[in-house]
Each structure stands twice: as structure tokens, then as C-alpha cells.
Amino acid sequence: MARIVQKYGGTSVRDVDRIKEVAKRIKQTRDQGNQVVVVVSARSGVTNQLIATAKSIVAQPNERELDMLLAIGEQETIALTAMALQALGVPAVSRTGAQAGIMTDLVHTKAKIKNIDASLIEKDLARGDVVIVAGFQGMNEEGSTTTLGRGGSDLTAIALAYALKADNCEILTDVDGVYTADPRVVPGARKLAEISYEEMLELASLGSKVMQSRSVEFASKYNVNFEVRSSFNNNPGTIVKEESASMEKVVVRGVAVDKDQAKVTVSGIPDKPGTAARIFKTLAASHVVVDMIVQNIGRNGVANLTFTVPRDDSARAEKTVAAILEDIGGGNVSVIANIAKLSVVGVGMRTHSGVAASVFQTLADHNINIDLISTSEIKISIVIELDKADEAARAVHKEFGLG
Ligand code: ADP
Ligand code: ASP
Ligand code: MG
């Protein structure tokens, strides 16, 4: 008997018909003699609607209350999925994050999982029940509901697979697996049979929303193999696992586009030790995650600093920095929102050169201007104009013969 964790995303449970289909699939897995723990997301669009409702009352809702509100999306689907299973004669029990023993830190809207007490789920399984757990949520030590960041049901599934020592973890979604680029943007994109944690993590952090990046980080840290596959068919998906020697033969594994970034420029700041430290410390204190950072060479004692942040955090970033400018000796802060980040990723870049040159040439051929550049061992990221992002992704994808 194997123990399987399955996660169904928002599109997979978008309405009652889909929930019934999902229940059939879960039943099949259980009928094969497996213990099954299922994580479900909210129906597609529900989390966005809840956020919009909250913002119609107040522009920046209290984050504790926002978490309380967002958690109901998943609470609806766990109960409906359990009912659909029971209707098929399968014993099933639904559990919220707290009832599943998922304990988090105190941060709201992007809490980290601290530990999972799986004892209640173990009892359910021992009784023969299928357990349906609400994704994306947990409880902190003050007894408050927390959420794990957008796309956080992936993290719930992977963390549960680890805590329950599951034999398999399947992330069931609305595409057949992880592709060389978002198949909705790049029609020629190809499904990958396997991908390393590191590449998946880069793709996810760089905008491929097929997996939440924090969930991949967790999987990599605890070596939880998982498969991304479709809930709409039985095609084999993509296995995400430790890097193997053969993976290095491929130079570029995939292309990602992130359209949810904004660029913050802090200009005219004193060119002296400690300035950048002050700015990024204050940003960290207000939980703004900063990505690409570029500082120009100081002239006449002043410097400019440019960095990218998630667009949703850009107003907060601007306000946070503005508040300390006087203190650090002057400067201005401004936000430019219509940018996108294009990235190419592959572990083979460690051993192959010339990738950057090819990317730059391809963009030049399409008359696309390069704004910021950052690189790591296995990726190159470029900030370009938002309107050009899809064209750039298709061109670069073609250049590297990805599909
Ligand atoms: P779920 O609701 O199941 O969590 P998501 O919408 O979060 O699903 O993620 C699946 C979507 O990710 C796909 O519909 C696809 O458009 C998008 N996507 C972006 N990049 C990729 C990629 N490289 N491979 C596959 N899908 C991708
Ligand atoms: N419902 C949450 C979201 O939309 C979590 C998830 O779908 O994974 O972000
Ligand atoms: Mg998702």
C-alpha cells in the first residue's frame, strides 16, 4: 500500500462538475489500494474576488483579517470535495489547515510553516478515510489563521508529503506538466519529462506560476520528489527531483516571464557606506522582497539605486523608503510599474558560455530595449518593457530551439 498526496489547483475544482470529476480520480487512486491525502485550492477566481471585496472596504486591509477572509475559499472546496467523495461511497473527512496540524510563524499573508503535527491525519488514514486538507492556510501560535502566500496550496501539499512520508506527491493542475515556457504564451512550448529542483525553483521564482516558488524551495531542502501533471487527463507529467548528470547537457531548460514586478528608483542618495544597508534593512523590516538591484557609480557624492519588487508591494516599498530619505541625507524615490522580467534558466549554463550574448542579440533583433540585467550561475534575467514581454519570450524560446 502506498501513501499518496494529491493537490488539485483552482481550475481543477472550479465548479461542482469539476469537483465531482476530481472525486472520481481520488476514488480511483484509493481503489488501487492507496492511502490518499488530498490538498485542494479555492475555486479559480475566488481568492482574487475575496481580495477585491476586502479592498472595496479599505485599500490596505488588516492582514490578520485578510487571512481570515482568504481562508474561506479553500474551506468551501474541502467540504464540497469530501461530500462528492462520500456520494461515491468513499469515506472522506475534510480538515482546515489548523485541523491538519499545520503551524506557522506569526507573519500574515505569507506565513512560513514551522511544523506539522500530522497525528490527526494519521488517525484518519488508519480509519480508512481519505483526508481532504485546505491548501494555503495554517494557524500561528496565537491561534490566528494565516495564509502561505499566493499559490500556497502547492506548499501545503509538499510539506504534507514530507510530514506524512508519502511515497508520491502529485501536483494536479490545468496543464500537462512543466513546459519550456508558459504554453499559453509560447505556443511551441514543450513539456519536460523531468527538471531539477534548482531549475524549477528559478523558473517558479522568475514568474512561471505553475509552481509556487516557496513550495519548490521546501521540496529541494527536504528532497521531496513530486510530479506536476494534469487533472484533466492521464498523461504522464513532469518529475521534479535532484539534478542528474544528464540534465547538464541541456543548456537552457526554459524561459520565464514575470509581469508582476515594478521598478523602484532611489536617486540622489549619499554615496557613502551604510546608505544601501539602511534602505534594504527598512524594506526587509516591512517584508518587501527585493529582487534585482543595480547601483550606479556615484558622482559628486551622490548615487542612484534601482531595484525590482513585486508590483503589489511597490507602493509600500516607495512609502517605506520615502520615510527614511531625510534621515539618510536626501534623495528621491519613484516607481515604474510597466516592466516585465524575462529569464532563461538551465543548469547547463554552468558549463556553457555565450547564452547571455544570444539573448541580448535576439532582443536587439526584435528592437527590444534592455533595462536591467542580472545573472546567476544558472539563469539570466532581463527587465524589459511590459508590452514587449510575450514577443521577447517567443523569440528567445525559438532562439534556443526549445520547441
Ligand atoms: P493551479 O490552479 O492548478 O495551481 P496555476 O494557474 O497556479 O494552476 O498554474 C498553472 C498555470 O501555470 C498554467 O495554466 C500555465 O499557464 C502557467 N505556466 C506558466 N509557466 C509555465 C510553464 N513553464 N509550464 C507550465 N505551465 C506554466
Ligand atoms: N487559493 C490560493 C491562491 O489563489 C492558493 C492556491 O491556489 O494555491 O493563491
Ligand atoms: Mg497554482
Side-chain angles (χ1 to χ4, degrees), residues 6-14 18 22 38-52 66-67 69-78 97 109-111 133-138 146-159 170-193 195 199-216 226-232 235 237-238 240 252-260 310 312 341-346 389-390 393 396-397 402-403:
Q6 291 185 331
K7 177 252 167 178
Y8 293 90
T11 317
S12 304
V13 292
R14 70 177 166 232
R18 279 299 311 163
V22 161
V38 176
V39 174
V40 286
S41 293
R43 292 185 294 114
S44 58
V46 166
T47 308
N48 286 344
Q49 269 166 22
L50 291 170
I51 293 174
L66 189 62
D67 275 352
L69 182 70
L70 297 191
I72 68 176
E74 272 71 12
Q75 222 164 303
E76 175 191 36
T77 45
I78 50 170
T109 78
K110 38 191 149 185
V133 179
F136 175 57
Q137 55 175 264
T146 50
T147 63
L148 309 175
R150 296 307 304 270
S153 301
D154 295 333
L155 178 58
T156 305
I158 287 172
E170 298 177 356
I171 306 293
L172 294 138
T173 182
D174 57 3
V175 278
D176 281 8
V178 181
Y179 282 66
T180 49
D182 186 341
R184 296 184 205 288
V185 175
V186 180
R190 198 167 38 80
K191 184 176 75 188
L192 298 161
I195 184 169
E199 290 168 324
M200 187 68 250
L201 180 58
E202 289 285 12
L203 286 177
S205 340
L206 296 168
S208 298
K209 74 163 192 162
V210 61
M211 287 298 299
Q212 187 213 29
S213 59
R214 282 183 43 205
S215 71
V216 185
F226 62 95
E227 181 177 8
V228 181
R229 58 188 298 176
S230 173
S231 73
F232 291 79
N235 298 342
T238 304
V240 187
V252 173
R253 181 85 51 200
V255 175
V257 175
D258 188 344
K259 296 181 183 171
D260 295 323
D312 279 351
K341 187 169 57 179
L342 171 80
S343 308
V344 297
V345 171
D390 291 352
V396 169
H397 191 266
L402 291 173

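Note that ligands are numbered from 1 as they come in the structure, with each ligand's atoms numbered from 1 the same way. Positions are given from 1, in the same order as the sequence printed here. None of these values were measured; they are calculated from a predicted model.
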Set of salt bridge (Lys or Arg N to Asp or Glu O under 4.0 Å) partners for Glu170, sequence neighbours left out =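 Checked Glu170 against salt bridge (Lys or Arg N to Asp or Glu O under 4.0 Å); zero matches.
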Pairwise distance [atom1]([X]) to [atom2]([Y]) - rounded to 0.5 angstrom:
X      : Y      : atom1 : atom2 : value
Ile72  : Leu50  : CD1   : CG    : 5.0 Å
Leu148 : Leu155 : CG    : CG    : 5.5 Å
Thr156 : Gln137 : OG1   : CD    : 7.5 Å

Checking a contact table here: which protein heavy atom is nearest [atom], and how many Å away?
atom                    : result
atom 23 (N) of ligand 1 : Tyr179 O, 3.0 Å
atom 3 (O) of ligand 1  : Thr173 OG1, 2.7 Å
atom 25 (C) of ligand 1 : Gly177 O, 3.3 Å
atom 26 (N) of ligand 1 : Val210 CB, 3.5 Å
atom 2 (O) of ligand 1  : Gly10 N, 3.0 Å
atom 21 (C) of ligand 1 : Asp182 CA, 3.6 Å

Output yes when a side-chain donor or acceptor of Thr147 lies under 3.5 Å from a complementary backbone atom of Phe136, and no otherwise.
-> no
Check the pair Leu206, Val345 against side chain to side chain contact (heavy atoms under 4.5 Å, CB included), reporting the backbone distance first and the verdict last.
-> CA-CA 9 Å; Leu206 296 168; Val345 171; 3.7 Å; yes
Partner residues of Asp258 under the side chain to side chain donor-acceptor pair (under 3.5 Å) criterion, sequence neighbours left out | Gln261
Nearest option to atom 11 (C) of ligand 1, as decided by whichever heavy atom of Asp174, Asp154, Val186, Leu206 sits closest = Asp174
Could you pull out, from Arg150, Arg190, Met200, Lys209, the option with a heavy atom nearest to atom 9 (O) of ligand 1?
-> Lys209
Residue-ligand contact [X]/ligand 1, heavy atom below 4.0 Å:
X      : value
Ala181 : yes
Pro183 : yes
Lys7   : yes
Gly207 : no
Leu203 : no

May I have all residue pairs that pass side-chain hydrogen bond (donor to acceptor under 3.5 Å, both in side chains) and include part of residues 203-215, sequence neighbours excluded?
-> none
Candidates Thr47, Asn48, Asp312 - the one meeting side chain to side chain donor-acceptor pair (under 3.5 Å) with Arg150 |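 For Arg150, the side chain to side chain donor-acceptor pair (under 3.5 Å) check succeeds only for Asn48.
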In this structure, which one of His397, Arg253, Lys191, Arg190 forms a side chain to side chain donor-acceptor pair (under 3.5 Å) with Thr180?
-> His397
Against heavy atoms of Val175, which atoms of ligand 1 measure under 4.0 Å?
-> 13 (C), 14 (O), 25 (C), 26 (N)
Quick one: which ligand 1 atoms are inside 4.0 Å of a heavy atom on Val178?
->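 Listed by number with element: 24 (N).
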Judged by modelled atom types alone, do Ser231 and Arg18 share a side-chain donor-acceptor pair under 3.5 Å?
->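 A pair is found: one side chain offers a donor N or O, the other an acceptor, under 3.5 Å apart.
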Verify the distance criterion only: is there a donor paired with an acceptor across the side chains of Asp67 and Thr146 at less than 3.5 Å?
->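 On atom types as modelled, these side chains do not qualify, holding no pair under 3.5 Å.
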Quick check for students: name every N or O atom pair between ligand 2 and the protein closer than 3.5 Å, with distances.
{"residue": "ligand 2", "atom": "1 (N)", "partner": "Thr47", "partner atom": "OG1", "Å": "2.8"}
{"residue": "ligand 2", "atom": "1 (N)", "partner": "Glu74", "partner atom": "OE2", "Å": "2.7"}
{"residue": "ligand 2", "atom": "4 (O)", "partner": "Thr47", "partner atom": "OG1", "Å": "3.3"}
{"residue": "ligand 2", "atom": "4 (O)", "partner": "Arg150", "partner atom": "NH2", "Å": "2.9"}
{"residue": "ligand 2", "atom": "7 (O)", "partner": "Ser41", "partner atom": "OG", "Å": "3.2"}
{"residue": "ligand 2", "atom": "8 (O)", "partner": "Gly151", "partner atom": "O", "Å": "3.4"}
{"residue": "ligand 2", "atom": "8 (O)", "partner": "Gly152", "partner atom": "N", "Å": "3.4"}
{"residue": "ligand 2", "atom": "8 (O)", "partner": "Ser153", "partner atom": "N", "Å": "3.0"}
{"residue": "ligand 2", "atom": "8 (O)", "partner": "Ser153", "partner atom": "OG", "Å": "3.1"}
{"residue": "ligand 2", "atom": "9 (O)", "partner": "Arg150", "partner atom": "NE", "Å": "2.7"}
{"residue": "ligand 2", "atom": "9 (O)", "partner": "Arg150", "partner atom": "NH2", "Å": "3.4"}
{"residue": "ligand 2", "atom": "9 (O)", "partner": "Gly151", "partner atom": "N", "Å": "2.9"}

Output, in order, the C-alpha distance, side-chain angles, deciding distance and verdict of side chain to side chain contact (heavy atoms under 4.5 Å, CB included) for Leu192 and Glu199.
-> CA-CA 12 Å; Leu192 298 161; Glu199 290 168 324; over 6 Å; no
